[in-house]
Every structure is written in C-alpha cells, then in structure tokens.
Protein chains: 2
Amino acid sequence: MEKLLRSKKIRITDFRISILNIFNKQSTALSIEEIETELGQFDRITLYRTLKLFKEKGILHEIAIAGSNVRLALCEQNCEDLHHHHHNHIHFHCVLCSEVYCLDVETYPEIGLAGFEVQQVEIQATGICKSCR
Amino acid sequence: MEKLLRSKKIRITDFRISILNIFNKQSTALSIEEIETELGQFDRITLYRTLKLFKEKGILHEIAIAGSNVRLALCEQNCEDLHHHHHNHIHFHCVLCSEVYCLDVETYPEIGLAGFEVQQVEIQATGICKSCR
DNA sequence: ATAATAATGCAACATTGTTGCATTATTATA
DNA sequence: TATAATAATGCAACAATGTTGCATTATTAT
Ligand SMILES: [Zn+2]
Ligand SMILES: [Zn+2]
Ligand SMILES: [Zn+2]
Ligand SMILES: [Zn+2]
C-alpha cells in the first residue's frame, strides 16, 4: 500500500491509502459511485484528483464501457503511466449483474491492420459472468 | 436516408435527416462535439434525444474510449437494436489525430473464458492511423 | 524542529445529460 | 385534400459529473 505510493514517488496520505484499501478488497472493477459508497464521508474534489493521479501514475486503469459508467481497477505492478500499461487481461462486462471483471486469457489476440500501426489492443467481452450463470 | 428511418418505423424529420447526412459524409466516428459543429444552429435536447433513439434502433453505435469522449458511427444494415449489433469490425483510436475508425479485420478473434458465457466481443486498437503515418 | 512543498477541502463554476410540458410537425384515415 | 391522432421539437428548469483557484493543513526533507 504505502510501498506502492512510495514507488510511484507520490506522498502517502490517509485518503490515498483508503482508496487503495477499497480496491484491494474488491475483485471486480469499481465505478466512481461504488467508491463513493465505500468511502462514506469524503470530499468529491479530492476523490476526482486522486483517481486522476492514480491513472496518470499507472496505479489504476480506466475501463470505458459503451452505455455504462466508467470503471476503475488496479494496474499490474509494471504499469508505468496512463499511456504505458502492461496488462495481459481482457475486460468482461456482465449483462445481468453489470459487474466488470479483469480476466486473464490464455492467448491474447493479435490484431493486424494494413496501413495502421497497432500499439495496444483492448478487448471487452460482454455476456454472463461466472456467478450469474 | 428516409428509407432507413422508414425501415426502423420512426418518423422522418428534418433534424433526423440532417444527422444522418452528417454521418454519411464522414468516414470516421464522430464525437458529439463534432456533430454539434457540423449542425451549426440546433437544439441540444433534440440532439441528445435523436442520438439516444438512433442507438436504441440500431442506426448508430457508441464507441467508449478510455480517457476520451464517446464516439458514434453508423451501424451495419442488419443491426437490430442497442443490444443486438451485427458488426464485424474493430475500433481504431489514433494517438496522434485522435480519430476513431471502424475497420474490418480478416479474422475476428474468438475469446474463450472458462465459466463465463461470452456473447459479444468489442475490440479497440490504439496506435497511429493510415493518414498520420 | 523548521522550512519547503504538496495535498486537502471549500466555494464557485463548467460541462454533460435529463425531464416535463406546451407547441409544432408528421402520418394515417376519411 | 382536410382532419384527427400521434409523435417530435424546443424551451425552461434541473440533475449529474467533473474542474479550477485558493487558503488551510499535512507530509517530507534538512
Ligand atoms: Zn454477473
Ligand atoms: Zn483491467
Ligand atoms: Zn491519425
Ligand atoms: Zn464501429
């Protein structure tokens, strides 16, 4: 927790620790609304600033789902910043419980597009999750 | 244009026609801001309602990009509604011009996740587009 | 312990999207 | 083509989401 903040060279504060705690006890990605509920009493501006910083530092990654709220989840250890992630997982969105999971896949698909230089590939699967089946 | 609206069993209005015209002369996906610029003078509420309807009817599909604005693009002929699309293309987001392209791929990857029922797969590639290289 | 620096919390604001309702336009039918 | 039924538009007002400036407070380096 504090080690993570130290490694990213940002100050260790109570607020940041509590945000990290919330993500650590969760197995699925979280919406901002869910984080707010977990926090109880808090300052909205500080929350937004913290989430923005965590994304910039490669502590959290953002998952944008069409027709749904943005979700956030913890990054892998080796993510550098907003633009240099090193994930090898896909995002699964359950149509029943609407939870979003970060899931490892055996083989991550390669995408080739003539004339385009592909740098990163983000995959989102939609369907019914393990616990809703 | 009018044929499309008729086939979806919704009324033909000037506003809807002008929205469809904007999308037809464009090769890339559009942000709401871009649509507003193209429209010139318009009513914001009508625009939002029109876009919502078009998404529900399978006329437009929404592309959610992490850290960027939502984009919209025309659907394939056989898209039924919001939840029943029949696209076979991926979405490419250029890091230089930030345009979003709908691009056909030779083979659309299959995703298998033990315990999860996959119904749809959305793929987003990021990199440098044809015209920015 | 002190100074330098960064984070927080408040107010105020900006952007984005929604709801209710009267007016206007489209469509079906006679 | 005229009329009635129905749906879309445009306005006001609001709700939700996200941002900026600035004084106060906390963290860190010395
Ligand atoms: Zn589920
Ligand atoms: Zn993830
Ligand atoms: Zn480009
Ligand atoms: Zn598309």
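Below, read A as the first sequence line, B as the second, and so on, with proteins coming before strands; counting in each chain starts at 1. Predicted model, so just to flag it, every value in this text is computed and none were measured.
Residue order along DNA chain D, read from the 5' end via each residue's closest nucleotide, puts B:R16 first among A:I32 and B:R16. The residue among B:K52 and B:E36 whose nearest nucleotide of DNA chain C is located toward the 5' end is B:E36.
Note: CZ (B:F15) to P (D:dT9) measures 7 Å, nearest angstrom. Rounding to whole angstrom units, CG of residue A:D43 and C1' of D:dA23 are separated by 14 Å. We find that CZ of A:F42 is positioned 13 Å from C1' of C:dG9, with the value rounded to whole Å. Going from atom CD1 of A:I19 over to atom C1' of C:dT8 covers 13 Å, rounded to whole Å. B:L39 has its CG atom 12 Å from the P atom of D:dT9, to the nearest Å. A straight line from CG of B:L53 to P of C:dT26 spans 16 Å, rounded to a whole angstrom. Here the P atom of nucleotide D:dT17 and the CG atom of B:N69 are 16 Å apart, to the nearest Å. Atom CZ of A:R6 and atom P of D:dT27 are 13 Å apart (whole Å).
Comparing C:dT8, D:dT27, D:dA8 by their nearest atom to the side chain of A:D14 picks out D:dT27. For B:I45, the listed nucleotide lying nearest its side chain is C:dT19; candidates were C:dC10, D:dT28, C:dT19.
A salt bridge is defined here as a Lys NZ or Arg NE, NH1 or NH2 lying under 4.0 Å from an Asp or Glu carboxylate O, and A:E36 with A:R44 fails to meet this definition.
As the counterpart of C:dA11, D:dT20 is assigned, both hydrogen-bonding distances of the Watson-Crick or G-U wobble pattern falling under 3.5 Å. Using N1 to N3 plus N6-O4 or O6-N4 for Watson-Crick, or N1-O2 and O6-N3 for G-U wobble, each under 3.5 Å, C:dT24 pairs with D:dA7. Summarising the base pairing, C:dA1 is matched to D:dT30 through a Watson-Crick or G-U wobble pair whose two defining distances lie under 3.5 Å.
When heavy atoms are screened at a 4.0 angstrom cut-off, A:I10 is found touching no nucleic acid atom at all. Base engagement by B:T46 is indicated by at least one non-hydrogen atom pair under 4.0 Å involving a base atom.
Side-chain to base pairing of A:R49 with D:dT19: no donor and acceptor N or O lie closer than 3.5 Å to each other. Not a single donor-acceptor pair, N or O on each side, falls under 3.5 Å between the base of D:dG10 and the side chain of B:R44.
Taking all atoms of both residues into account, the shortest heavy-atom contact from B:L30 to B:Q26 is CD2-CG, 3.5 Å.
Test A:E76, A:E80, A:Q77 against A:H86 for side-chain contact (heavy atoms from CB on, under 4.5 Å) and you get one pass: A:E80.
Using modelled atom types, one finds a donor on one side chain and an acceptor on the other under 3.5 Å when comparing B:Q124 with B:E122.
Annotation: B:N78, atom CG; neighbour count of heavy atoms from other residues, nucleotides and ligands within 6.0 Å is above 12.
Close to D:dG18, at under 4.0 Å from its OP1 or OP2, lies a side-chain N or O of A:Y48.
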